[in-house]
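Below: one structure, written as C-alpha cells.
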There are 2 protein chains.
Amino acid sequence: MTREKILTAAKELFQAKGFEPTTVREIATLAGVNVALINYHFGSKEQLLAQMVEETTAHTLLRLSDITKSGASPIEKLNQMLELFIEKIFSNKQYYQMIHRELSTPQRPELNDQIGKPLKRNRDEMLKIIEEGQKKKVFRKDVDIDLTISTVFGLLYQATHIAFKNKVYDKQLQDDAILKTRVLKHLQELLKNHLVR
Amino acid sequence: MTREKILTAAKELFQAKGFEPTTVREIATLAGVNVALINYHFGSKEQLLAQMVEETTAHTLLRLSDITKSGASPIEKLNQMLELFIEKIFSNKQYYQMIHRELSTPQRPELNDQIGKPLKRNRDEMLKIIEEGQKKKVFRKDVDIDLTISTVFGLLYQATHIAFKNKVYDKQLQDDAILKTRVLKHLQELLKNHLVR
DNA sequence: AAACGATTGAAACAGCTGTTAAAACTGTTT
DNA sequence: AAACAGTTTTAACAGCTGTTTCAATCGTTT
C-alpha cells in the first residue's frame with residue numbers, strides 16, 4: 001500500500017515537474033507517508049523512477065506484439081502501430097516528455113540504460129514490419145530504415161511539444177483530438193509516399 | 001574579457017553536464033574568475049544561458065536569410081537549408097541536446113520562452129520556402145506544413161541522439177560524416193516524395 | 001502473553017545550491 | 001593628487017538536497 005502510494009505520487013510529480021526538480025519530501029507529502037519510507041521501499045530516488053518505467057511499459061509491448069503477429073498487410077500493420085503509439089503518447093504526454101528529457105541527460109547514465117531498453121523494443125517492432133514489407137515487395141528497398149523510424153518517433157516527440165506548448169510555434173491552442181488525427185494522417189501519407197513503391 | 005571567459009566556460013559545462021547540474025562555482029573555476037562575477041555580469045545563472053543562446057543563434061539566422069533571399073528554386077533552397085541545419089546541429093550536438101532538454105522542462109518557463117524564440121525563427125524560414133514552393137506550384141498544397149517542418153526538426157534531433165548514443169539503438173559507432181550524409185539524403189528524398197507534386 | 005521481524009516516524013546529518021552585501025582594488029578623468 | 005565609476009574579492013546568507021540513524025509501532029507467529 002505504501003509502495004503504491006509512493007509510486008502514484010512520484011509519477012504525478014515526475015510528470016509535472018521532472019525527475020530532478022521533484023524532491024523526495026514532495027513525493028512523501030503527496031503520498032501521505034514519511035520521507036524515509038521512499039528509501040526504505042525503493043533504495044533510492046533513482047531506483048524509484050526505474051521501477052516506475054518498468055511497470056508502465058509492460059502493457060504497450062503486449063499490444064505491439066499483437067499487431068506484429070496479426071495477419072494484416074504491412075501497410076495495415078504500420079497504420080495500426082502508428083495509431084497505438086499516438087494513442088499512448090498523447091494520453092501520457094507529460095510522462096513521455098519526462099522520459100525523453102531524462103533519456104537525453106548525461107547525468108545518471110545507468111538509469112538512462114534502464115529507460116532506453118523499453119523504447120528500443122518499440123523501434124524493433126516497427127523495424128520488423130518494414131522489413132516484412134520489403135520482403136513482400138510492397139515497400140521500396142532503397143530507404144534508410146533506421147532514419148525512417150527515427151523520423152516517426154522524432155515527429156511524435158515534436159507533436160507532444162506542440163500539444164501543450166503551442167505558444168512556441170505561434171499557434172492557437174489546439175484540441176488534442178484534432179492534433180492526433182492530423183499527426184496520424186500526416187504520418188500515414190508521409191510513410192506511404194516514402195515507403196510504398 | 002571576464003564576460004567572454006565566463007560564457008566560454010559556461011557553454012562547455014552546460015553542454016557536457018546540462019544547465020541545472022552545472023553549478024556557478026564550476027563555471028567560475030573553469031573560467032578562472034570569482035563566483036560573484038557571474039551574477040555581476042549576467043544578473044543570474046538563467047540570464048547567462050539566455051545570453052549564450054542569443055549570441056550563438058545570431059550567425060545561423062544570417063546564413064538562413066541569405067538562402068531565403070537567393071534566386072534559387074524552392075527545392076534548391078530547401079536542400080541548402082537542410083545542409084545548413086545538419087552542419088550546425090552536428091557540429092554542436094551537445095549544445096542542441098542541451099537546448100532541447102532545457103526547452104522541454106516545465107521549470108523556468110521565462111527562460112524557456114527566451115530560448116524558444118530563436119528556434120522559432122528557424123522554423124519560420126523553412127515555412128517561407130515551402131509556402132513559396134506552393135505558390136510557384138512546384139509543391140503540393142494538401143500537406144500539413146507545420147507537421148512537415150516538425151518532421152524535419154524531429155529527425156534532426158533524433159539524429160543527434162543516434163550520433164553519440166548508438167548503444168540505445170544497438171548500432172556500431174558511426175562516423176558523424178557518414179551519418180550526416182545519410183540524414184541529408186534521407187531528408188531530401190523524404191521531402192521530395194512528400195512535397196513535390 | 002511473549003517474541004519476532006517488518007514497517008514507520010522524528011530528527012538530524014553533511015553537503016551543496018544561487019545569490020548578495022560590503023570592502024578592496026583597478027584604471028581613467030578631473 | 002583627488003575623485004570617480006567600473007570590477008573584483010571575501011565572506012556569508014538562507015535554504016534546500018538525498019540519505020541515514022535509531023527508537024517506536026504494527027501485525028503475525030510462537
Side-chain angles (χ1 to χ4, degrees), chain A residues 1-55 98-99 101-102 105-115, chain B residues 1-55 98-99 101-102 105-115:
Chain A
M1 191 60 205
T2 305
R3 233 187 93 96
E4 282 71 22
K5 281 198 287 184
I6 292 174
L7 272 172
T8 307
K11 189 164 189 176
E12 189 174 327
L13 287 168
F14 286 165
Q15 284 179 6
K17 309 184 56 186
F19 176 72
E20 193 154 315
T22 300
T23 70
V24 288
R25 282 169 183 79
E26 285 176 310
I27 299 173
T29 303
L30 183 61
V33 302
N34 190 279
V35 209
L37 294 181
I38 291 172
N39 285 274
Y40 175 73
H41 283 284
F42 294 94
S44 72
K45 188 188 167 192
E46 292 195 13
Q47 285 310 306
L48 168 58
L49 176 60
Q51 197 57 42
M52 196 177 111
V53 174
E54 192 65 34
E55 300 186 9
M98 184 268 292
I99 294 296
R101 202 182 315 125
E102 196 54 34
T105 184
Q107 310 280 107
R108 304 177 284 280
E110 345 70 42
L111 189 56
N112 228 291
D113 292 345
Q114 298 185 53
I115 296 177
Chain B
M1 193 58 205
T2 306
R3 233 188 92 97
E4 281 70 24
K5 280 197 290 184
I6 293 174
L7 272 173
T8 307
K11 188 164 190 174
E12 190 174 326
L13 288 168
F14 286 165
Q15 283 178 9
K17 310 184 53 188
F19 175 72
E20 194 154 314
T22 300
T23 71
V24 287
R25 282 170 182 79
E26 284 175 311
I27 299 172
T29 304
L30 183 61
V33 302
N34 191 279
V35 207
L37 293 180
I38 291 172
N39 285 274
Y40 175 74
H41 282 283
F42 294 94
S44 71
K45 187 187 168 192
E46 293 195 11
Q47 285 310 305
L48 168 59
L49 175 60
Q51 196 58 41
M52 196 178 112
V53 174
E54 192 65 34
E55 299 186 12
M98 184 267 293
I99 294 296
R101 202 184 313 124
E102 195 54 35
T105 183
Q107 309 281 106
R108 306 177 281 281
E110 345 71 41
L111 188 58
N112 227 289
D113 292 345
Q114 297 185 53
I115 297 176

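Every value quoted in this text rests on a predicted model; they were computed, and no experiment measured them. Hydrogens, waters and symmetry mates play no part in the numbers below; they use all other heavy atoms, side chains included. So that the names make sense, note that chain A is the first sequence line, chain B the second, and so on, each numbered from 1.
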Starting from [atom2] on [N], measure out to [atom1] on [X] and report it in whole angstrom.
| X | N | atom1 | atom2 | answer |
| --- | --- | --- | --- | --- |
| B:Tyr40 | C:dA21 | OH | C1' | 15 Å |
| B:Ile38 | C:dT20 | CD1 | P | 13 Å |
| A:Phe42 | D:dT19 | CZ | C1' | 16 Å |
| B:Asn39 | C:dG18 | CG | P | 9 Å |
| B:Met1 | D:dT8 | CE | P | 11 Å |
| A:Gln107 | D:dG18 | CD | P | 14 Å |
| B:Leu37 | D:dG6 | CG | C1' | 12 Å |
| B:Leu49 | C:dG18 | CG | P | 13 Å |

Task: Check: B:Met1 main-chain N/O paired with B:Glu4 side-chain donor or acceptor under 3.5 Å - done: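 Side chain of B:Glu4 to backbone of B:Met1, a donor-acceptor pair under 3.5 Å: yes, one is there.
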
Task: Non-neighbouring partners of A:Lys45 that pass side-chain contact (heavy atoms from CB on, under 4.5 Å), sequence neighbours left out - done: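 side-chain contact (heavy atoms from CB on, under 4.5 Å) list for A:Lys45, sorted by chain: A:Phe14, A:Phe19, A:Val24.
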
Task: Partners meeting side-chain contact (heavy atoms from CB on, under 4.5 Å) with B:Thr23 (sequence neighbours left out) - done: B:Arg25, B:Glu26

Open item on the list: Counting only side-chain nitrogens and oxygens, does A:His41 get under 4.0 Å of the OP1 or OP2 atom of C:dA6?
Closed with: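 So the side chain of A:His41 is outside the cut-off, no N or O lying under 4.0 Å from OP1 or OP2 of C:dA6.
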
Open item on the list: Can you see if the side chain of B:Thr2 gets near the phosphate of D:dT8 - specifically, an N or O under 4.0 Å from OP1 or OP2?
Closed with: yes

Open item on the list: Is there a side-chain contact between B:Leu48 and B:Asn39 in this structure, where contact means two heavy atoms from C-beta onward sitting under 4.5 Å apart?
Closed with: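 A side-chain contact is absent here, since even the closest heavy-atom pair is not under 4.5 Å.
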
- [ ] Flag the pair A:Tyr40 / A:Asn34 as yes when at least one side-chain heavy-atom distance between them is below 4.5 Å, and no otherwise.
- [x] no

Task: Candidate pair B:Gln47 and B:Gln51, rule side-chain hydrogen bond (donor to acceptor under 3.5 Å, both in side chains), full reasoning - done: CA-CA 6 Å; B:Gln47 285 310 305; B:Gln51 196 58 41; over 6 Å; no

Task: Passing candidate, side-chain contact (heavy atoms from CB on, under 4.5 Å) with A:Leu111, options A:Leu49, A:Val53, A:Thr105 - done: A:Leu49

Open item on the list: The criterion is salt bridge (charged side-chain N to carboxylate O under 4.0 Å, His left out); which residues satisfy it with B:Arg108, sequence neighbours excluded?
Closed with: B:Glu20, B:Glu102

Open item on the list: Using the salt bridge (charged side-chain N to carboxylate O under 4.0 Å, His left out) criterion, which residues pair with A:Glu54? Sequence neighbours excluded.
Closed with: none

Nucleotides 10-17 of chain D: which of its N/O atoms have a protein N/O under 3.5 Å away?
none

- [ ] With a 4.0 Å heavy-atom cut-off, tell me which residues in residues 6-15 of chain A come close to DNA chain C, sorted by residue number.
- [x]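 None - not one residue of the stretch has a heavy atom sitting under 4.0 Å from the strand.
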
